[in-house]
Asker: 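First the structure, which I've put down as structure tokens, then a few questions once you've had a look.
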Amino acid sequence: MTTENTSAPNFIRTIIEADVAAGKNDGRVGTRFPPEPNGYLHIGHAKSICLNFGLARDFKGTCNLRFDDTNPTKEDVEYVDSIKEDVRWLGFDWGENQFYASNYFERLHELAIRLIKDGKAYVDSLSAEEIRQYRGTLTEPGKNSPYRDRSVEENLDLFERMKNGEFEDGTHVLRAKIDMAANNMVMRDPTLYRIRKAHHHRTGDTWCIYPMYDFTHCLSDAFECITHSICTLEFENNRELYDWVLDQFSDLPGRPRQYEFARLNLSYTVLSKRKLIQLVEEKLVSGWTDPRMPTLSGYRRRGYTAESIRDFCERIGVARADNMVDIALLEHCLREDLNDRAPRVMAVQDPVKVIVDNYPEGEVEWIDFPYHPENEAMGSRQVPFSREFYIERADFMENPPKKYFRLSPGKEVRLRYAYYVTCVDVIKDADGNVTEIHVEYDPKTKGGWSEDGRKVKGTLHWVSAQHAIDAEVRLYDRLFTQENPNDMEEGKTFKDAMNPDSLTVITAKLEPSLKTVEAGSHWQFERLGYYCVDPDSTPEKPVFNRAVGLRDSWAKKVNK
RNA sequence: UGGGGGAUCGUCUAGCGGCAGGACUACGGACUCUGACUCCGUCAACCAAGGUUCGAAUCCUUGUCCCCCAGCCA
């Protein structure tokens, strides 16, 4: 468990405090994070992970990692591996407490037989479609299946034969005998077991019947002595069944209680696993780790830090009301974290060449640049300055508006840590595009200071043309332009809804110190944003992902 | 239309009968060798109507709106 400050209060924490104070479960707290290994973890899972592991940490309890692997047709080891990696990356450790629902198949099967013997479960031989019809509707009660009153012996025999593979998929199910007229639809004789002649990623072909979520989850919690089983709001109706199942057995090792909280919704972000799977399968993104994906592995590759995501989860809180968190908060958390830890380097994304007319040709000065002006411990490196360099195209304007601090004809600006330069000429092509800017430098301003005390308002970032290295830079924009992409009508394809400009690949000019850089390392390109070295990156062809841009009050002003 | 939940600044979230607070956003300003960061400030909310009470976001009543449930998914 990571050691950190205690989290902010929330209603679940309040409940647990009261339970501990009342001596429930001998004051012990046990939680669990129970993903189904049918996809990669996303930021919504991070909320649950931080909640469950955070509670265990703060109450000196345990948090189990349990794979809810009861549906072999959807699950895969690739997912369990990625889930473990992502939870660890986020900064949590389940220690020895790793479990699989599939490890309980034997025990669950025994309990199912006990239910049958107690007359609380029966084998139904209706088709799926018939079961649906018999279930009734929201306003009308259902009716009993004609198979509901089979004898215990017959049920036992049928269930045994289901297990032995004598029947085809869909021909029989085991159902709890509860109440077909219950107002809560979940209680209308829920299915406990179904036949699925499919290979399971852990149990192989040992089983051809698999327990359903409602039967498995509560009992798994009980087996593991979970005290507080925390899930999302859509399982509220299932709580009655959760308790019903546990109440059928008096000899369980634990008696967990289920609590629900509102799942995370993030603006401009799809967080439904079904849709994320679709994006991957339809190859609309490069995969689960595509930096545009809201998966933890996507964010990681994009350049988000575990620290920033934990901070985000802490700040959004935990409540029972539906929510839509502004993506700006996530970005704020990232900037705040990276501001302290990302070394500052120089890069030009949209270069225009500048020539210093009065600077000797062939001369090169290596200037000492601190990696972080506010943190000397981060050290420095040498950056070359020469007669020709690149600046950002947006840092020059031939006819600037008032309050424009950057370069324009006749105007003097500072090249960061280098010299003051004044624009003396502009060369344009036939279309009027600026191709070359000529400046004159003041040799007495070396290092970026003027001895006579004259001040310049603008400071530009620059990269020596002769030393610049070319790097691929991937700029990301939101994958969906709609604030709530979950509202997308069914039938409408993702292609229609996706932002065609969600990925822009450009070639940028970088200072030579960036030639060899570690994959996954974070950098601030001064005045541009925070970038992370992509795993695709090589010294021959560096690749950077822009995690998030810097706030830009000038751009904001100009856009008005 | 049955049942289960929910409603506090634009957004997220505190509050649990006693001054509606914080964060994000937005907007101003100071500072600045990043128009960044930082700092300071401003705008901004109790779903509605009744009731109880000296006092209500909080308790009661009645409405309104939103979410979830009719998988052999989880």
Side-chain angles (χ1 to χ4, degrees), chain A residues 8-10 14 34-36 38 68-71 73-75 124 126-129 131-142 169-175 181-188 190-196 209-210 212-214 216-217 231-240 260 262 264 267 273-274 312 315-333 335-336 339-340 344 346 373-374 403-406 414-418 447-449 455-461 524-529 549-558:
Chain A
N10 63 54
T14 305
E36 181 189 13
N38 67 341
D68 228 337
D69 55 350
T70 58
N71 186 353
T73 58
K74 292 188 174 179
E75 299 153 7
D124 197 350
L126 251 26
S127 70
E129 171 61 17
I131 286 180
R132 193 177 63 76
Q133 284 163 1
Y134 274 72
R135 189 155 24 230
T137 69
L138 296 177
T139 51
E140 304 156 38
D169 286 15
T171 53
H172 306 273
V173 290
L174 183 72
R175 292 230 258 170
N183 281 322
N184 183 355
M185 300 293 290
V186 171
M187 299 301 277
R188 319 246 260 226
T191 302
L192 267 21
Y193 269 87
R194 77 289 215 186
I195 302 171
R196 270 273 195 297
I209 55 171
Y210 291 92
M212 300 286 290
Y213 165 86
D214 284 306
T216 309
H217 203 95
C231 61
T232 44
L233 244 29
E234 66 268 27
F235 290 99
E236 244 172 327
N237 297 322
N238 300 62
R239 189 174 62 232
E240 190 179 353
E260 310 89 16
L264 169 70
S267 58
K273 220 192 248 183
R274 210 199 95 242
F312 171 74
R315 292 194 197 211
I316 57 176
V318 178
R320 282 177 70 86
D322 292 338
N323 60 78
M324 174 67 74
V325 177
D326 192 335
I327 189 93
L329 178 58
L330 213 212
E331 293 173 348
H332 168 82
C333 292
R335 288 193 191 99
E336 191 171 81
N339 180 46
D340 291 337
R344 274 56 172 162
M346 302 243 276
E374 287 155 28
K403 294 269 182 105
Y404 182 80
F405 305 154
R406 310 175 194 179
R414 169 168 43 227
L415 297 175
R416 190 154 163 103
Y417 293 124
W449 282 112
K455 287 186 177 163
V456 290
K457 197 80 167 138
T459 300
L460 307 188
H461 56 282
Q524 187 199 77
F525 289 178
E526 290 199 51
R527 304 212 298 139
L528 296 175
L550 254 32
R551 290 162 56 119
D552 186 347
S553 61
W554 170 250
K556 206 182 287 178
K557 202 175 286 182
V558 169

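Worth knowing before you read on, the calculation uses all heavy atoms, side chains too, and leaves out hydrogens, waters and symmetry mates. Remember, predicted model here, so these are calculated numbers, not experimental data. Below, read A as the first sequence line, B as the second, and so on, with proteins coming before strands; counting in each chain starts at 1.
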Asker: Reading nucleotides 69-74 of chain B 5' to 3', which nucleotides get B (base under 4.0 Å from a protein heavy atom), which S (sugar-phosphate only), which -?
Answerer: BBSBSB
Asker: So what's B/C39 paired with, Watson-Crick or G-U wobble, going by both distances under 3.5 Å?
Answerer: B/G29
Asker: Between the side chains of A/His217 and A/Asp68, is a donor N or O closer than 3.5 angstrom to an acceptor N or O?
Answerer: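 Yes, side-chain donor-acceptor contact under 3.5 Å.
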Asker: Select base, sugar-phosphate, or nothing to describe what A/Glu374 touches, counting heavy atoms under 4.0 Å on all strands.
Answerer: base
Asker: Nucleotides 21-25 of chain B: which of its N/O atoms have a protein N/O under 3.5 Å away?
Answerer:
{"residue": "B/A23", "atom": "O2'", "partner": "A/Arg315", "partner atom": "NH1", "Å": "3.1"}
{"residue": "B/U25", "atom": "OP1", "partner": "A/Arg551", "partner atom": "NH1", "Å": "2.8"}

Asker: If I take atom CH2 in residue A/Trp554 and atom P in nucleotide B/U34, what distance separates them, rounded to the nearest angstrom?
Answerer: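 So the CH2-P distance, A/Trp554 to B/U34, works out to 17 Å.
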Asker: Now, which nucleotide makes the Watson-Crick or G-U wobble pair with B/G17, with each of the two distances under 3.5 Å?
Answerer: none
Asker: Ignoring hydrogens and angles, state whether a donor on the side chain of A/Glu234 or A/Thr232 is under 3.5 Å from an acceptor on the partner side chain.
Answerer: yes
Asker: Taking only the C1' atom of each, what is the distance from B/C9 to B/G5 in whole angstrom?
Answerer: 24 Å
Asker: Find the distance A/Phe312:CZ to B/U13:P and express it as a whole number of Å.
Answerer: 11 Å
Asker: Answer with yes or no whether A/Arg406 presents, from its side chain, a donor or acceptor under 3.5 Å of a partner atom in the base of B/G35.
Answerer: yes
Asker: Quick one: A/Leu233 CG to B/C67 P, roughly how many Å, whole number?
Answerer: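 Answer to the nearest Å: 13 Å.
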Asker: Could you tell me the separation between the OH atom of A/Tyr417 and the CE atom of A/Met346, rounded to the nearest 0.5 Å?
Answerer: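 One finds 9.5 Å between OH of A/Tyr417 and CE of A/Met346.
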Asker: Can you tell me, in whole Å, how much space there is between the C1' of B/A56 and that of B/G50?
Answerer: 13 Å
Asker: A/Asn10 has an atom CG; how far is it from atom P of B/G6, in whole Å?
Answerer: 15 Å
Asker: Using a cut-off of 4.0 Å on non-hydrogen atoms, how would the nucleic acid contact of A/Val456 be classed: base, sugar-phosphate, or nothing?
Answerer: nothing
Asker: Between the main-chain N or O of A/Tyr210 and the side-chain N or O of A/Arg194, is there a donor-acceptor pair closer than 3.5 Å?
Answerer: yes
Asker: In whole angstrom, give the distance that lies between atom CG of A/Asn323 and atom P of B/C12.
Answerer: 6 Å
Asker: For the P atoms, the ones on B/G28 and on B/C37, what distance do you get once it is rounded to whole angstrom?
Answerer: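 The same atom, P, in both gives a distance of 15 Å.
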Asker: In this structure, how many angstroms lie between the C1' atom of B/U32 and the CZ atom of A/Arg527, rounded?
Answerer: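 The answer, rounded to whole Å, is 13 Å.
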Asker: Suppose you measure atom C1' in B/A57 against the same atom in B/C47; what distance do you get, rounded to whole Å?
Answerer: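 Going atom to atom, C1' in each nucleotide, I get 12 Å.
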Asker: Pairing check on B/C59: which nucleotide meets the Watson-Crick or G-U wobble criteria with it, both distances under 3.5 Å?
Answerer: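 Across any shown strand, B/C59 pairs with B/G51.
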Asker: What residues, two or more places apart in sequence or in another chain, satisfy side-chain hydrogen bond (donor to acceptor under 3.5 Å, both in side chains) together with A/Arg315?
Answerer: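 Only A/Asp311, A/Glu336 meet the side-chain hydrogen bond (donor to acceptor under 3.5 Å, both in side chains) criterion with A/Arg315.
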Asker: Who passes side-chain hydrogen bond (donor to acceptor under 3.5 Å, both in side chains) against A/Thr459, sequence neighbours left out?
Answerer: A/Arg414
Asker: If only atom types and distance count, is the side chain of A/Arg416 paired as donor or acceptor with the main-chain N or O of A/His461 below 3.5 Å?
Answerer: no
Asker: How long is the line joining CG of A/Asp322 and C1' of B/C67, in whole Å?
Answerer: 4 Å
Asker: Donor-acceptor pair, distance only, cut-off 3.5 Å: does the side chain of A/Arg406 make one with the backbone of A/Gly458?
Answerer: no
Asker: Could you give the distance separating B/U8 and B/G4 at their P atoms, to the nearest angstrom?
Answerer: 22 Å
Asker: Quick check on B/G71: syn or anti? Syn means the glycosidic torsion is within 90 degrees of zero.
Answerer: syn
Asker: In whole Å, I'd like the distance from the CD atom of A/Glu331 to the C1' atom of B/C12.
Answerer: 15 Å
Asker: Report yes or no: do A/Glu240 and A/Asn184 form a side-chain donor-acceptor pair below 3.5 Å?
Answerer: yes
Asker: Pairing donors with acceptors under 3.5 angstrom, does anything connect the side chains of A/Asp214 and A/Asn238?
Answerer: yes
Asker: Base, sugar-phosphate, or nothing: which does A/Lys403 touch, judged by heavy atoms less than 4.0 Å apart?
Answerer: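 If one applies the 4.0 Å heavy-atom cut-off, A/Lys403 turns out to touch a base.
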Asker: Taking only the C1' atom of each, what is the distance from B/A14 to B/A45 in whole angstrom?
Answerer: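 To the nearest whole Å, 13 Å.
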Asker: What's the separation between atom CD1 in A/Ile316 and atom CG in A/Asp326, rounded to the nearest 0.5 Å?
Answerer: 12.5 Å
Asker: Using a 4.0 Å heavy-atom cut-off to protein, can you give one letter per nucleotide of nucleotides 40-47 of chain B, 5' to 3': B if the base is in contact, S if only the sugar-phosphate is, - if neither?
Answerer: --------
Asker: Using the P atoms only, state how far B/C60 lies from B/A7, rounded to an integer number of Å.
Answerer: 14 Å
Asker: Between A/Ala418 and A/Ile316, just flag the one whose closest nucleotide in RNA chain B comes earlier from the 5' side.
Answerer: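 So the residue in question is A/Ile316.
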Asker: Sticking with atom P, work out how far B/C59 lies from B/A26, rounded to a whole angstrom.
Answerer: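 Pairwise P distance, B/C59 against B/A26, rounds to 35 Å.
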Asker: Going by the rule side-chain hydrogen bond (donor to acceptor under 3.5 Å, both in side chains), which residues pair with A/Arg196 if we only count those two or more places apart in sequence or in a different chain?
Answerer: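 Scan of A/Arg196 (side-chain hydrogen bond (donor to acceptor under 3.5 Å, both in side chains), adjacent residues dropped) gives none.
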Asker: Indicate, with a heavy-atom threshold strictly under 4.0 Å, whether A/Tyr404 touches base, sugar-phosphate, or nothing.
Answerer: base
Asker: Got a second to check how far A/Asn38's CG is from A/Asn71's CG, nearest 0.5 Å?
Answerer: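 Here the rounded value is 8.0 Å.
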Asker: Return the nearest nucleotide to the side chain of A/Arg239; candidates are B/C12, B/G5, B/U32.
Answerer: B/G5
Asker: Considering every strand shown, what is the Watson-Crick or G-U wobble mate of B/C65 when both distances are under 3.5 Å?
Answerer: B/G6
Asker: Could you let me know what B/C72 is paired to, Watson-Crick or G-U wobble, both distances under 3.5 Å, or none if it's on its own?
Answerer: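 B/C72 is unpaired by these criteria.
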Asker: With a 3.5 Å distance limit and no angle check, can you tell me whether A/Thr191 reaches the backbone of A/Arg175 through a side-chain donor-acceptor pair?
Answerer: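 No, because the side chain of A/Thr191 does not come within donor-acceptor range (under 3.5 Å) of the backbone of A/Arg175.
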